[in-house]
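Take a look at the structure set out below.
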There are 2 protein chains.
Amino acid sequence: MSSTRTVDENATLSRSEPARTSDRILDTAEELVQTRGLNAMSYADISERVGITKASLHYHFPSKADLVRALVERYSTRFFAVLAELEASGADPAELVRGYADIYAGVLARGRMCLCGMLASDYATLPTEAQDDVAAFFARNEQWLEGVIREGIASGRLTDTASPLDAARALLAGLEGAMLVSRPFEGTARFDAIAAALLAGLGVPADQSTTGTVAAG
Amino acid sequence: MSSTRTVDENATLSRSEPARTSDRILDTAEELVQTRGLNAMSYADISERVGITKASLHYHFPSKADLVRALVERYSTRFFAVLAELEASGADPAELVRGYADIYAGVLARGRMCLCGMLASDYATLPTEAQDDVAAFFARNEQWLEGVIREGIASGRLTDTASPLDAARALLAGLEGAMLVSRPFEGTARFDAIAAALLAGLGVPADQSTTGTVAAG
DNA sequence: GTCTATACAGCGATAGAC
DNA sequence: GTCTATCGCTGTATAGAC
């Protein structure tokens with residue numbers, strides 16, 4: 001819809017190169033965390049799927065704390081790269097917030113929860129550095145959304161609101177919560193309805209195309 | 001504010017009775033799950049805090065699956081008892097949705113996540129029956145909210161919206177998500193701002209009193 | 001209903017050969 | 001960079017005495 005490139009696993013590698021082992025490990029760990037949670041994922045699970053021994057995993061990521069940190073950093077980097085791309089596409093503010101919501105829809109469509117949303121639920125058990133990274137991920141998302149909403153209001157394309165920052169926070173919370181409460185139910189209908197209701201509150205009309213064209217893992 | 005009784009642990013017991021062991025186990029397990037997550041909680045953790053051995057815990061709840069089921073059932077029962085009480089207080093629809101949001105605020109003020117929100121993040125690792133109970137918890141919440149919103153619209157006390165059910169779902173998702181993304185940050189300011197923004201969307205003005213008078217665990 | 005003792009699988013992690 | 005082998009610990013769960 002708005003973004004021209006599909007951002008997915010290994011998006012940073014050129015197509016023909018074989019994926020580096022550390023990337024395949026991260027891909028697998030990421031999927032496991034997004035679907036089952038950090039504390040339900042083990043080195044044995046990753047080992048099985050990647051096809052190397054647990055000992056080899058420890059060569060790439062000595063401790064689980066190292067692995068989680070790498071996971072959040074890569075996810076965060078990719079996520080904001082997608083946002084930058086969205087912004088560079090020249091879409092207007094209404095399209096930007098819709099594109100933003102579509103990123104979440106794409107993640108849920110693959111049966112996953114947002115990585116940082118999932119880690120937020122495990123927050124108390126996270127290594128300190130990962131805690132900071134997760135908090136920073138949310139704060140940065142809010143700032144990005146706040147800017148978009150501010151611009152939308154200024155140009156008369158979004159509904160005026162007392163606090164653009166609070167509107168941004170409500171949208172982020174709404175989308176993360178929508179993923180959380182929708183996964184127990186079949187399909188993405190519940191999420192789509194919630195996203196539409198949240199966007200409608202900002203003055204963004206419903207999207208007529210199919211959702212989830214942009215995937216950010 | 002709206003509710004007259006504070007609903008908390010052991011609310012079902014008369015004051016002078018000593019808490020039954022199984023209840024103390026559930027209280028402890030509930031706190032651990034709400035703060036750390038199901039897969040970060042062990043029988044050893046509970047044993048330590050309750051002051052009985054792991055073997056004794058297994059007498060009351062033979063398997064962890066039994067314990068989770070009991071946890072969700074008790075939480076659900078209490079939660080809807082509080083909603084019934086709220087409703088019986090004769091508050092108008094705007095006060096009801098504000099009271100609803102205050103329940104969540106009270107949980108967060110104690111440093112906890114909604115039990116079912118937390119379990120939703122661990123959904124894939126839950127025993128089947130607990131999965132169903134968690135899904136039912138959300139569905140029932142949405143239905144309750146939908147009814148309140150419908151009534152509020154009919155009586156002109158809430159902003160009219162195309163789909164009261166979708167508005168209810170967006171509010172539930174927004175509040176669950178607000179708890180999720182607010183816990184990494186100090187205090188309840190973030191949650192309060194989000195809750196206010198969500199309520200404002202329904203036409204419920206900001207609450208001037210302090211939040212979190214009703215606690216539902 | 002609680003205890004001691006124990007079984008046994010799984011966990012994250014390390015040593016050292018190749 | 002990957003392997004085999006193993007360590008020490010923790011996980012859930014059970015047997016049987018009191």
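- Judged as a side chain to side chain donor-acceptor pair (under 3.5 Å), and not counting sequence neighbours, the contacts of B/Thr53 are B/Ser56.
- For the pair A/Ser182 (side chain) and A/Met179 (backbone), a donor-acceptor distance under 3.5 Å is absent.
- Residue A/Ile52 contributes atom CD1, which lies 14 Å from atom C1' of D/dT4 at whole-angstrom precision.
- In terms of modelled atom types and a separation under 3.5 Å, the side chain of A/Asp45 and the main chain of A/Ser42 share a donor-acceptor contact.
- With rounding to whole Å, B/Arg24 atom CZ is found 12 Å from C/dG1 atom C1'.
- At a threshold of 4.5 Å between non-hydrogen side-chain atoms, the residues B/Met118 and B/Arg112 do not count as touching.
- The shortest distance between the side-chain N/O atoms of A/Thr21 and the OP1/OP2 oxygens of D/dT2 is below 4.0 Å.
- When the side-chain nitrogen and oxygen atoms of A/Tyr59 are compared with OP1 and OP2 of D/dG1, one or more of them lie within a distance under 4.0 Å.
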Legend entry - Reading 5' to 3' through nucleotides 6-18 of chain D, protein heavy-atom contacts under 4.0 Å coded B for base, S for sugar-phosphate only, - for none: -----SBBBB---
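- For the helix from C/dG1-D/dC18 to C/dC18-D/dG1, the end axes, each set by the C1' atoms of five terminal pairs, are bent relative to each other by 0° (nearest 10°).
- Put simply, NE2 on A/His60 is 17 Å from C1' on C/dG12, counting in whole angstrom units.
- The main-chain N or O of A/Ala109 is never found under 3.5 Å from a side-chain atom of A/Thr188 such that the two would form a donor-acceptor pair.
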